[in-house]
2 protein chains.
Amino acid sequence: MDTKSMIIDTATMLFQLKGYLGVGLNEILKACNISKGALYHHFPNGKEELLIACLEALNETIIKDMEDIFGRYPSTLEATDAMVNQLITHFETEKTLIGYTFSSIVSEMAALSDPVRIVCAQLYQDMQDIYFNKLVADGFSEDKAYSFALMMTASIEGGMMLCLTQKATEPLRVISQALANSLKEF
Amino acid sequence: MDTKSMIIDTATMLFQLKGYLGVGLNEILKACNISKGALYHHFPNGKEELLIACLEALNETIIKDMEDIFGRYPSTLEATDAMVNQLITHFETEKTLIGYTFSSIVSEMAALSDPVRIVCAQLYQDMQDIYFNKLVADGFSEDKAYSFALMMTASIEGGMMLCLTQKATEPLRVISQALANSLKEF
DNA sequence: GTCTATACGGTGATAGAC
DNA sequence: GTCTATCACCGTATAGAC
């Protein structure tokens, strides 16, 4: 793999783990075994440019993964269940939700940097669109699909935050079940 | 007001606005018009001790406010609606959700500091308990009340993050409505 | 209880050799 | 394209005078 991709991969992991401000350039350089010159060659505008590249790469990964799951299962109910189960399994084995959430970056940077905020908004929007399309395919009206897709995005993101603070998987389990129940009645 | 309380109030606001790592001691000092000596006199263990004091104060404020609202309205449905409307109004007039969320601190620090993580978990738990008790008073079984209270906590927190990234109030509006619908069917 | 002065490591960033 | 050397600045924390 080329250097630029390696920097993005490594930095993405570190940013998700410790937040944007929590990771220094030196830490990224050490993890990559490269020097400052190399990093600034690939990202002339420095750390924020790197962050945006990371968020874009992360977006692609998350959306691809979700599209894969939502393509494999016949209904929103089953796809959501599978997706949340994957989150839970990952959290149990890896003790982290790295690769699935970027809430630390959102909440850290949304008020500080507009370019970063916009990329994050896009990521949430892409996720929400996947839910929306599947719900419409399930036969829901566009109005209902819109509301429920938003609800799914918010509650799953909030559920991940609860899991992280509690160091437990129960919040996501309960939310998955509650979403399933709501979906049946919606 | 005494110096210590003033430091806590000012720091709480800054931490919520820019995150824990995003605010330096110097910035807090300047906003308070005090010196380093004064701060370290009141918080000998430094910045993290100050953060925990801030989270505890914030906890008290949020819970008191929520208990007030949930005491004034007859049902969970009406109380939640009033609470979310208050959030929305605040966001529209102040352009911030300061005073209501601490997600930036949670997601930044949950993986880094166990004491901070535990205080945050307690805050979520206290909020969830308020929902739970009101739902039980509404006549829901403890099982259902538990699930729904968790769902409320997660979706409202997630909804605030969506509002912050989009600079819009619609996510919380939609979530409030969706929660009301789910509640009727639950 | 509050101040000033200082210590020291780390920050993001730049310049120029190879 | 990658390196090393260096920059000015800011971070938290401490010591000691008043």
Side-chain angles (χ1 to χ4, degrees), chain A residues 1-57 104-105 107-117 119, chain B residues 1-55 57 104-105 107-109 111-117 119:
Chain A
M1 189 188 330
D2 60 304
T3 304
K4 187 166 182 174
S5 306
M6 195 223 352
I7 296 174
I8 291 177
D9 280 8
T10 309
T12 300
M13 185 196 66
L14 290 171
F15 285 151
Q16 286 181 276
L17 193 60
K18 309 169 77 171
Y20 176 65
L21 296 168
V23 183
L25 287 188
N26 290 327
E27 189 176 349
I28 297 170
L29 300 178
K30 209 176 75 181
C32 293
N33 256 339
I34 58 162
S35 66
K36 258 176 203 175
L39 191 148
Y40 274 89
H41 169 75
H42 293 291
F43 304 95
N45 288 19
K47 199 184 177 188
E48 184 162 326
E49 186 182 347
L50 171 59
L51 171 63
I52 290 176
C54 288
L55 287 172
E56 281 165 353
S104 64
I105 296 160
S107 36
E108 225 179 344
M109 297 296 291
L112 271 61
S113 161
D114 245 37
V116 174
R117 182 184 64 77
V119 176
Chain B
M1 189 185 338
D2 59 304
T3 305
K4 187 165 183 176
S5 306
M6 196 225 348
I7 297 173
I8 292 177
D9 281 9
T10 309
T12 300
M13 184 196 65
L14 290 171
F15 285 152
Q16 286 181 277
L17 193 60
K18 309 168 78 171
Y20 176 65
L21 295 168
V23 182
L25 288 187
N26 292 325
E27 189 176 349
I28 298 170
L29 267 24
K30 209 176 75 181
C32 293
N33 256 340
I34 58 162
S35 67
K36 255 167 210 182
L39 191 147
Y40 274 89
H41 170 75
H42 293 290
F43 305 95
N45 288 16
K47 199 185 178 187
E48 184 161 327
E49 186 182 347
L50 171 59
L51 171 63
I52 289 176
C54 289
L55 287 173
S104 64
I105 297 160
S107 37
E108 224 179 345
M109 297 295 292
L112 271 61
S113 161
D114 244 37
V116 174
R117 182 183 64 76
V119 176

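So that the names make sense, note that chain A is the first sequence line, chain B the second, and so on, each numbered from 1. Just so it is clear, the values below take in all heavy atoms, side chains as well, and ignore hydrogens, waters and symmetry mates.
For the contact set between residues 10-18 of chain B and DNA chain C, defined by any heavy atom under 4.0 Å, there are no members.
Using a distance-only test at 3.5 Å, with no hydrogens or angles considered, a donor-acceptor pair links the side chain of Glu108(A) to the main chain of Leu21(A).
Nearer the 5' end of DNA chain C, as judged by each residue's closest nucleotide, is the contact made by Ile34(B), out of Leu21(A) and Ile34(B).
Listed pair His41(B) / dT2(C) fails the phosphate criterion, with no side-chain N or O lying under 4.0 Å from OP1 or OP2. Neither OP1 nor OP2 of dG1(D) sits under 4.0 Å from any side-chain N or O of Thr3(A).
Residue pairs meeting the ring pair (Phe, Tyr, Trp, His ring centres under 6.0 Å) criterion with at least one partner in residues 17-48 of chain A, sequence neighbours excluded, are Phe15(A)-Tyr20(A). Every pair passing salt bridge (Lys or Arg N to Asp or Glu O under 4.0 Å) that includes a residue from residues 9-29 of chain A is listed here, sequence neighbours excluded: Lys18(A)-Glu27(A).
Counting to the nearest Å, the P atom of dT12(D) and the CD atom of Glu49(B) are 15 Å from each other. Rounding to whole angstrom units, CG of residue Leu50(A) and P of dA13(C) are separated by 10 Å. In this structure, Phe43(A) places its CZ atom 15 Å from C1' of dG12(C), rounding to the nearest Å. The distance from atom CG of Leu39(A) to atom C1' of dT2(D) is 12 Å, rounded to the nearest whole Å.
Residues passing the side-chain hydrogen bond (donor to acceptor under 3.5 Å, both in side chains) test with Ser5(A), sequence neighbours excluded: Asp2(A). Residues satisfying the side-chain hydrogen bond (donor to acceptor under 3.5 Å, both in side chains) criterion with Ser113(B), sequence neighbours excluded, are Glu48(B).
Side-chain proximity of Asn26(A) to the nucleotides dG11(D), dC3(C), dG10(C) is greatest for dG10(C).
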Point to revise | Protein proximity profile, nucleotides 13-18 of chain D - base contact B, sugar-phosphate-only contact S, no contact -, cut-off 4.0 Å on heavy atoms | key: BB----
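The minimum heavy-atom distance linking Ile52(A) with Pro115(A) is given by the pair CD1-CB, 3.7 Å. When all heavy atoms of Ile7(A) and Leu39(A) are compared, the pair lying nearest together is CD1-CA, 4.2 Å.
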